[in-house]
Amino acid sequence: MRKPIIAGNWKMYKTLEEGEELVNLLKRQLYDVEDIDIVLCPPFTHLAYIADMLESSNILLGAQDMHWEEEGAYTGEISGPMLKCAGCKFVLIGHSERRQFFGETNESVNKKLASALNNGLTPIVCIGEDLKQREKGITFDLISQQLELGLKAIAPERLKEIIIAYEPVWAIGSGKVATSEQAQEVHRYIRDWLSKNYSSALAQETRIQYGGSVKPDNIAGLIAQEDIDGALVGGASLDADSFSAIVRESKKG
Ligand code: PEP
């Protein structure tokens, strides 16, 4: 049975003071949750501080991006070893906002993924189609290309350390959630792809999250789907009550 995972992507929101307040509320509201992985991905500048706040809690820390090199002359970038020593366990890779605004490609996703694994970080690899691609009927082609290039040369035994986040771009921050059936259809496609290209046992072990306008009132329908193992939450992760409600609704029946 795959353990559900709910991750909050704060994006470029929350000062350190605001983040501290949010973390304190979440620790109080979620202290007794045991069977769900809870992950917070605040901005880089908050990581080490929030890592201290989360110590001996049931909430884990993740970053929103990383560079693939261990170190070097890459002004403004952050490496895997730096995230690790800041207390991160997870890292988002290939978020659609990175792809859209900062030139992230499937090739850079692949390099970051390898570096995350080498540095003991669990990568959450984001894939998904935009509205034009969905309307053109090329969603599955696009997903399979993102998987093929993004996971290229990743050893099969590392697959279960990777989390895939299916995030239809048209549903991110738009208030338009994919229906549970639309999401399940693509999650099933992803698991079948993993099964064909790795093995059915490895595909069954890999966690696939849905992301895109997840809210307390739609998480139950999503998590009830066979191949949906959690959620990557943007907007609703900025509010303690909403994020806590999403976590509490995420038990697999
Ligand atoms: C995200 O940032 O990955 C996301 C899914 O955002 P939202 O929940 O706001 O759509």
Side-chain angles (χ1 to χ4, degrees), residues 1-9 35-39 92 94-97 99-100 106 124-148 150-151 159-160 162-237 239 242-253:
M1 175 99 148
R2 298 178 295 270
K3 189 178 185 186
I5 172 166
I6 303 295
N9 173 16
D35 36 12
I36 295 169
D37 281 335
I38 309 167
V39 182
L92 303 183
H95 191 280
S96 64
E97 287 152 15
R99 294 180 191 256
Q100 191 180 347
N106 290 323
I124 299 179
V125 182
C126 305
I127 58 175
E129 81 287 2
D130 65 25
L131 190 57
K132 269 203 197 129
Q133 291 160 335
R134 175 159 281 263
E135 285 172 351
K136 269 203 211 153
I138 57 168
T139 297
F140 293 147
D141 296 338
L142 196 270
I143 294 288
S144 93
Q145 188 187 42
Q146 287 177 327
L147 288 169
E148 194 180 321
L151 301 183
L159 186 68
K160 58 181 182 296
I162 297 171
I163 292 162
I164 312 266
Y166 167 58
E167 298 209 297
V169 180
W170 49 272
I172 297 180
S174 64
K176 270 195 232 160
V177 66
T179 64
S180 303
E181 293 71 27
Q182 277 174 322
Q184 166 59 22
E185 187 186 26
V186 183
H187 280 238
R188 168 60 60 84
Y189 179 85
I190 294 169
R191 204 174 303 287
D192 286 349
W193 189 95
L194 295 173
S195 184
K196 258 185 246 140
N197 289 276
Y198 289 86
S199 73
S200 123
L202 288 171
Q204 281 306 320
E205 279 183 81
T206 305
R207 292 187 288 179
I208 309 173
Q209 291 178 299
Y210 169 79
S213 298
V214 173
K215 302 277 181 292
D217 63 2
N218 58 33
I219 183 67
L222 291 161
I223 204 75
Q225 303 297 317
E226 190 182 335
D227 291 292
I228 299 184
D229 305 314
L232 179 53
V233 185
S237 73
D239 175 76
S242 297
F243 190 66
S244 296
I246 290 170
V247 171
R248 288 198 176 279
E249 288 285 331
S250 295
K251 284 201 183 105
K252 278 294 221 186

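Quick note: residue numbers are just sequence positions, from 1.
Smallest separation of non-hydrogen atoms from Leu159 and Tyr198: CD2-CG, 3.8 Å. Looking at every heavy atom in both residues, Lys252 comes nearest to Ile228 through NZ-O, 2.6 Å. In terms of heavy atoms, Pro216 sits closest to Ala245 at CB-CB, 3.9 Å. Annotation for Val39 and Phe243: closest pair O-CZ, 4.0 Å, computed over non-hydrogen atoms. Here the closest heavy-atom approach between residue Ser213 and residue Ala171 is recorded as OG-O, 2.7 Å. Nearest heavy atom pair, residue Gln225 against residue Gly221, reads NE2-O, 3.3 Å.
Separation of atoms OG (Ser144) and CD1 (Ile190) is listed at 10.5 Å; rounding is to 0.5 Å. A distance of 11.0 Å separates CH2 in Trp170 from CG in Asp130, rounded to the nearest 0.5 Å. Summarising the geometry, atom CG belonging to Leu131 is positioned 9.5 Å from atom OG1 belonging to Thr139; distances are rounded to the nearest 0.5 Å. The CG atom of Leu194 sits 5.5 Å away from atom CD1 of Ile164, with the distance rounded to the nearest 0.5 Å. Put simply, CD on Glu129 and NZ on Lys136 are 13.0 Å apart, with the number rounded to the nearest 0.5 Å. In this structure, CD in Gln146 is found 4.5 Å from CG in Leu142, a value given to the nearest 0.5 Å.
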- Would Ile5 and Gln209 satisfy side chain to side chain contact (heavy atoms under 4.5 Å, CB included), going step by step from the backbone distance to the final call? CA-CA 7 Å; Ile5 172 166; Gln209 291 178 299; 3.8 Å; yes
- Item | Full working for side chain to side chain contact (heavy atoms under 4.5 Å, CB included) between Val186 and Arg134 | CA-CA 11 Å; Val186 183; Arg134 175 159 281 263; 3.8 Å; yes
- Item | Test side chain to side chain contact (heavy atoms under 4.5 Å, CB included) applied to Asn106 and Arg99, step by step | CA-CA 9 Å; Asn106 290 323; Arg99 294 180 191 256; 2.7 Å; yes
- Message: The test is salt bridge (Lys or Arg N to Asp or Glu O under 4.0 Å); show your working for Asp229 and Arg191 and say whether it passes.
- Response: CA-CA 11 Å; Asp229 305 314; Arg191 204 174 303 287; 2.8 Å; yes
- Item | Val177 vs Leu222, side chain to side chain contact (heavy atoms under 4.5 Å, CB included): CA-CA, chis, key distance, verdict | CA-CA 10 Å; Val177 66; Leu222 291 161; 4.3 Å; yes
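Here the side chains of Ile6 and Val214 are not in contact, with every heavy-atom distance at 4.5 Å or above. At least one side-chain heavy atom of Glu97 sits less than 4.5 Å from a side-chain heavy atom of Ile172. A heavy-atom distance below 4.5 Å is found between the side chains of Phe140 and Glu185. Using a 4.5 Å heavy-atom cutoff, the side chains of Leu232 and Ile163 are not in contact. Side-chain atoms of Ile143 and Trp193, non-hydrogen and from C-beta on, never get closer than 4.5 Å to each other.
By the side chain to side chain donor-acceptor pair (under 3.5 Å) test, Glu205 pairs with no residue at all, sequence neighbours left out. In terms of the side-chain contact (heavy atoms from CB on, under 4.5 Å) criterion, residue partners of Lys3 (sequence neighbours excluded) are, by chain and number, Asp37, Arg207.
Distance alone, capped at 3.5 Å, is enough to place a donor-acceptor pair between the Asn218 side chain and the Lys215 backbone.
Ring orientation note: the planes of His187 and Tyr210 are tilted relative to one another, at an angle of 30° to 60°.
Judged purely by distance below 3.5 Å, without hydrogens or angles, the side chains of Asp227 and Gln184 pair a donor atom with an acceptor atom.
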